[in-house]
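The structure under discussion appears below in the form of structure tokens.
Just so you know, ligand 1 is whichever comes first in the structure, and atom 1 is the first atom listed for that ligand. Values below: every heavy atom of this structure, side chains too, minus hydrogens, waters and symmetry copies. Everything numeric in this text was worked out from a predicted model, so none of it was measured.
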Amino acid sequence: MTPATAAQPTLPPLRGRVQQAAMLAPTTWFRVGGPADWLGRPADVDDLLLLLRDKPAGIPLITIGAASNLLVRDGGVRGIVVKLARGFSDIVVEADGIVAGAAALDATVAEHAAAAGLDGLAFLSGIPGSIGGAVAMNAGAYGTEVKDVLDWAEIATPAGLVHLPASELGFAYRRARLPEGGVVVRARFHATPGDAAAIGEKMRAIRTAREETQPVRARTGGSTFKNPEGHKAWALIDAAGARGLRRGEAQVSEKHCNFLLNLGGASATDLEGLGEDVREKVRAVSGVSLEWEIKRIGESLA
Ligand SMILES: Cc1cc2nc3c(=O)[nH]c(=O)nc-3n(C[C@H](O)[C@H](O)[C@H](O)COP(=O)(O)OP(=O)(O)OC[C@H]3O[C@@H](n4cnc5c(N)ncnc54)[C@H](O)[C@@H]3O)c2cc1C
């Protein structure tokens with residue numbers, strides 16, 4: 001007789017791809033982190049809605065985009081990690097704006113806008129995330145944030161698809177208030193007619209400035225800490241003497257000290273521990289308590 005085993009919860013039958021015990025590290029910018037119990041890539045909005053509605057009760061679900069602002073802990077993520085892929089990457093150019101799927105990359109949206117002579121979205125060209133992540137994080141650069149250019153977002157929820165104007169998304173600095181369990185699937189950004197060559201030039205300048213000031217080709221997670229009111233996080237970190245600080249193979253970037261780097265063999269524990277070392281030093285020197293901007297998900301290894 002075989003021993004009785006606890007029944008494994010099963011997910012609704014998706015048309016998209018579902019992997020069990022899927023390693024997340026290769027999908028993240030930091031290249032660290034343990035496995036997700038399930039990694040689901042719904043085929044399209046209907047597939048996603050089915051998953052949200054019929055997933056087993058009590059199983060958590062989190063959505064990731066390009067994972068450019070994400071630290072997945074080494075013990076991995078319990079429950080379902082949803083990654084939007086091909087069925088969510090359409091970009092439609094309109095006369096005065098762009099409608100983009102949540103999986104479209106910010107830079108690709110900026111390129112479409114520039115090619116169509118639409119001005120106002122060049123700031124997206126230097127942000128390496130997806131549109132879903134940009135809405136969820138109210139991403140911004142060079143004085144413009146998503147909240148300034150977003151008309152509406154379409155959000156899949158367990159109760160169905162909702163269409164919300166930007167004014168109902170509770171935007172704040174690097175934060176949006178999405179409906180409970182909501183997954184951004186599409187968004188519209190307004191833009192104004194402009195000169196394609198001039199916009200292209202603006203984007204080139206942004207990329208050059210980024211290359212010079214940020215470790216854009218490294219294994220990193222973007223800005224680690226939010227800028228506290230009236231301060232720049234990088235300046236506080238620099239003043240605390242933490243530029244270049246290391247913990248194992250994790251290092252505070254010499255180029256931009258609000259970025260953490262995985263030099264190759266760092267674990268999520270090293271990176272998170274280094275971040276905490278930095279917070280401690282900043283608190284000791286300036287009295288300011290830095291708040292993580294990077295989203296940390298999952299469990300530490302026991
Ligand atoms: C080199 C570098 C430079 C960067 N520069 C900038 C910058 O100038 N400005 C800036 O704002 N950020 C910057 N970032 C950070 C990052 O690119 C942005 O926060 C980006 O918007 C995150 O998008 P993502 O798709 O990678 O989201 P992820 O990192 O995958 O996720 C971030 C958060 O968004 C949520 N999320 C993702 N997709 C969805 C969705 N479809 N529905 C609901 N929630 C979702 C996740 O659950 C998570 O909470 C930089 C990062 C790097 C590595």
* **Reported CZ-to-NE2 distance for the pair R188 and H163, which is rounded to 0.5 angstrom** => 10.0 Å
* Are D37 and R78 close enough for a salt bridge, meaning some N to O gap below 4.0 Å? -> yes
* Could you establish whether F88 and ligand 1 come within less than 4.0 Å of each other, counting only heavy atoms on the residue side? => no
* Asked: Any donor-acceptor pair under 3.5 Å linking the side chain of E249 with the backbone of G265?
  -> yes
* What protein heavy atom sits nearest atom 17 (O) of ligand 1, and how far off is it? -> S68 OG, 2.7 Å
* Which ligand 1 atoms does A136 reach within 4.0 Å, using its non-hydrogen atoms? -> 34 (O), 35 (C), 36 (N), 44 (N), 45 (C)
* To do: Report yes or no: is the cationic atom of R296 (NZ for Lys, CZ for Arg) closer than 6.0 Å to the six-membered ring centre of W292, at no more than 45° off its axis?
  => yes
* To which protein heavy atom is atom 1 (C) of ligand 1 closest, and what is the distance rounded to 0.1 Å? -> F259 CE2, 3.8 Å
* To do: Using a strict 4.0 Å cut-off to heavy atoms of G222, name the atoms of ligand 1 that fall inside it.
  => 2 (C), 50 (C), 51 (C), 52 (C), 53 (C)
* **Test applied, salt bridge (charged side-chain N to carboxylate O under 4.0 Å, His left out); reference residue, D238; option that passes from R243, K232, K255** => R243
* Pull out every atom of ligand 1 sitting under 4.0 Å from any heavy atom of R174, numbered as shown with elements. => 11 (O)
* Can you pull out the closest protein heavy atom to atom 24 (P) of ligand 1? Residue, atom name and distance to 0.1 Å, please. => A66 N, 3.5 Å
* Could you give the distance from OG (S125) to CZ (R210), rounded to the nearest 0.5 Å? -> 7.5 Å
* To do: State, without any angle test, whether D74 and T269 hold a side-chain donor-acceptor pair at a distance under 3.5 Å.
  => yes
* Partner of I80 under side chain to side chain contact (heavy atoms under 4.5 Å, CB included), chosen from L51, L52, V18, T63 -> L51
* Asked: Of all the atoms in ligand 1, which lie at a distance below 4.0 Å from a heavy atom belonging to A139?
  -> 11 (O), 21 (O)
* With a cut-off of 4.0 Å, which atoms of ligand 1 are near a heavy atom of R210? -> 3 (C), 4 (C), 5 (N), 6 (C), 7 (C), 8 (O)
* Structure fact -> Near G129 (heavy-atom distance under 4.0 Å), the atoms of ligand 1 are 17 (O), 23 (O), 24 (P), 25 (O), 26 (O)
* To do: Look at atom 10 (C) of ligand 1 and say which protein heavy atom is nearest, naming residue and atom and giving the distance to 0.1 Å.
  => G140 O, 3.5 Å
* Does A67 come within less than 4.0 Å of ligand 1, judged by its heavy atoms? -> yes
* Which of the atoms in ligand 1, numbered in the order shown and given with their element, are less than 4.0 Å from a heavy-atom of A141? -> 8 (O)
* Note the single closest protein heavy atom to atom 48 (C) of ligand 1, along with its residue, its atom name and the distance in Å. => K295 CG, 3.9 Å
* Residue and atom name of the nearest protein heavy atom (relative to atom 46 (C) of ligand 1), distance in Å to one decimal -> T63 O, 3.2 Å
* At under 4.0 Å between heavy atoms, which part of V185 makes contact with ligand 1: side chain, backbone, both or neither? -> neither
* Asked: So which of G132, G133, A103 gets nearest to atom 23 (O) of ligand 1, if we judge by its closest heavy atom?
  -> G133
* Structure fact -> Apart from V81 itself, members of its ILVMFWY cluster (side-chain separation under 4.5 Å) are L24, L39, I62, I64, L70, V72, V77, I297
* **Polar proximity ligand 1 side, G65 side, N/O cut 3.5 Å exclusive** => yes
* Asked: Under 30°, 30 to 60°, or over 60°: which ring-plane class applies to W234 and H256, parallel, tilted or perpendicular?
  -> perpendicular
* Is T220 reaching over with its side chain to a backbone N or O of L260, donor-acceptor style, under 3.5 angstrom? -> yes
* Asked: Which of the atoms in ligand 1, numbered in the order shown and given with their element, are less than 4.0 Å from a heavy-atom of L70?
  -> 29 (O)
* Among all protein heavy atoms, pick out the one at the shortest distance from atom 33 (C) of ligand 1; state its residue, atom name and that distance to 0.1 Å. => M137 SD, 3.7 Å
